[in-house]
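Structure first, commentary second.
Predicted model only: the values in this text are computed from it and were never measured. Heavy-atom basis, side chains included; hydrogens, waters and symmetry copies ignored. The residues of the chain are indexed from 1 along the displayed sequence.
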Amino acid sequence: MTDGTPRTAGAPEPAASAELTSLERTALYKSLGNPLRRRILDYLGRHGEANSTVLARELGESSGTTSYHLRKLAEQKLIEEIPEKSGGRERWWRSLPFSHTAPDPATMTTEEYAAAEQLALLKIEIDSRLFRRAHEEYRGPQGWAQIQRTGTWMTKSDLHDFVRAYHALVDRYGHPDDAVPEGARRVNLRFYAAPDPVGEWEGEPTGP
């Protein structure tokens, strides 16, 4: 499970993401699995900045509620305050570059696994809506919505090289928030790889 919520193109992955303890990962998954916090992160990713009042109006919540969740997101370094815009009780926030790859579920504690599973279910729901939108908004190969589905033979090493190349392509063609060219739109990209079950082609026992 990889979560890029939201990641600025070209920005390096925070080194701390690989050094989280099980307790820290559990807290992170619980935060990212909270629907309102996901909506806050999505809004900041799209609009760049906001305060609790703006978010309350846009998301249909009270400013006290959005203020609480903003503080919690800041504690986990998913967002940061904008000092030059904040003053008194008026605090403005922006998202931070973020990318995290979850460890093997077999190494997780029961609580961590439960939090990761809840987050995964939320992301599946979000991604399913995006998948339907891509099909509904497809206007041919020259349109904004693009759909690609394929399959091929790879070794595990080939697959890992492909994933690294995919990330390099995102960095190559994406633009950071402070250098968005005219005519650009925020594009949601999803990638997953699911190998065929072991032995499917040769009659051997199937498995992961």
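- In this structure a side-chain-to-backbone donor-acceptor pair under 3.5 Å is missing from Glu125 to Leu122.
- Using a 4.0 Å cut-off between charged side-chain N and carboxylate O, Glu84 and Arg94 make a salt bridge.
- Atom OG in Ser52 sits 9.0 Å away from atom CZ in Arg71 (nearest 0.5 Å).
- Counting only distance, with no hydrogens or angles, the side chain of Glu81 and the backbone of Trp92 share no donor-acceptor pair below 3.5 Å.
- Leu36 and Val54 end up in the same hydrophobic cluster when Ile, Leu, Val, Met, Phe, Trp and Tyr side chains are linked at under 4.5 Å.
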Report task. Decide side chain to side chain contact (heavy atoms under 4.5 Å, CB included) for Leu41 and Leu78; before the verdict, give the C-alpha distance in whole Å, the side-chain angles of both, and the deciding distance to 0.1 Å. Result -> CA-CA 8 Å; Leu41 289 170; Leu78 295 172; 4.3 Å; yes
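- In the model, Glu112 has a side-chain atom that pairs as donor or acceptor with a side-chain atom of Ser22 under 3.5 Å.
- Interatomic distance, CG of Leu55 versus CD1 of Ile40, reported as 5.5 Å (0.5 Å rounding).
- When the options Glu117, Glu111, His100 are evaluated for a side-chain hydrogen bond (donor to acceptor under 3.5 Å, both in side chains) with Tyr29, the one that passes is His100.
- For Arg57, there are no side chain to side chain donor-acceptor pair (under 3.5 Å) partners two or more places apart in sequence or in a different chain.
- A donor-acceptor pair shorter than 3.5 Å can be found between the side chains of Thr155 and Asp158.
- Going from atom CG of Asp178 over to atom NE2 of His175 covers 12.0 Å, rounded to the nearest 0.5 Å.
- Expressed to the nearest 0.5 Å, how far CE of Met154 lies from CG of Leu159 amounts to 6.0 Å.
- Ser62 and Thr65 share a side-chain donor-acceptor pair at under 3.5 Å.
- Rounded to the nearest 0.5 angstrom, Leu44 CG and Arg39 CZ are separated by 12.5 Å.
- The two residues Ala115 and Lys30 make their nearest non-hydrogen contact at CB-CG, 3.9 Å.
- Looking only at distances, a side-chain donor or acceptor of Arg25 sits under 3.5 Å from a matching main-chain atom of Leu20.
- The ring-ring contact (aromatic ring centres under 6.0 Å, His included) analysis of residues 36-55, with sequence neighbours excluded, yields the pairs Tyr43-His47.
- Under a 4.5 Å side-chain heavy-atom cut-off, the cluster of Ile, Leu, Val, Met, Phe, Trp and Tyr residues that includes Leu121 has no other member.
- Not a single donor-acceptor pair under 3.5 Å links the side chain of Ser63 to the backbone N or O of Thr53.
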Query raised in the report: Which is it for Trp93 and Thr66 under the side chain to side chain contact (heavy atoms under 4.5 Å, CB included) test, yes or no, and what are the steps along the way?
Result: CA-CA 11 Å; Trp93 304 87; Thr66 55; over 6 Å; no
Report task. Mind running salt bridge (charged side-chain N to carboxylate O under 4.0 Å, His left out) on Glu136 and Arg133 for me, showing each step along the way? Result -> CA-CA 5 Å; Glu136 292 167 358; Arg133 269 191 52 207; over 6 Å; no
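- Side-chain N/O atoms of Arg132 and Ser128 include no donor and acceptor closer than 3.5 Å.
- By the 4.5 Å heavy-atom criterion applied to side chains, Arg38 and Lys123 are counted as neighbours.
- In the hydrophobic clustering of this structure, Val170 groups with Phe162; members are Ile, Leu, Val, Met, Phe, Trp, Tyr whose side-chain heavy atoms approach within less than 4.5 Å, directly or through other members.
- Side-chain contact between Phe191 and Val163 is present, with heavy atoms from C-beta onward closer than 4.5 Å.
- With a 6.0 Å radius and a threshold of 12 heavy atoms from other residues, nucleotides or ligands, Tyr166 has its OH atom above the threshold.
- Within the 3.5 Å criterion, the main-chain N or O of Leu28 finds no donor-acceptor partner in the side chain of Ser31.
- The side chain to side chain donor-acceptor pair (under 3.5 Å) test applied to Glu90 returns Asn51, not counting sequence neighbours.
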Run the side-chain donor-acceptor check on residues 141-152: report pairs under 3.5 Å with partners two or more places apart or on a different chain.
residue : atom : partner : partner atom : Å
Gln146  : NE2  : Pro141  : O            : 3.2
Gln146  : NE2  : Gly143  : O            : 2.8

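- Taking Tyr68 as the reference, nothing meets the ring pair (Phe, Tyr, Trp, His ring centres under 6.0 Å) condition, with sequence neighbours excluded.
- With hydrogens and angles ignored, the 3.5 Å screen pairs no side-chain donor or acceptor of Asp104 with any backbone N or O of Thr107.
- A 6.0 Å sphere centred on CZ of Arg172 holds no more than 12 heavy atoms belonging to other residues, nucleotides or ligands.
- In summary, Arg164 and Asp161 engage in a salt bridge, as defined by a charged side-chain N under 4.0 Å from a carboxylate O.
- Atoms CD1 and CG, on Ile126 and Asp42 in that order, are 8.0 Å from each other to the nearest 0.5 Å.
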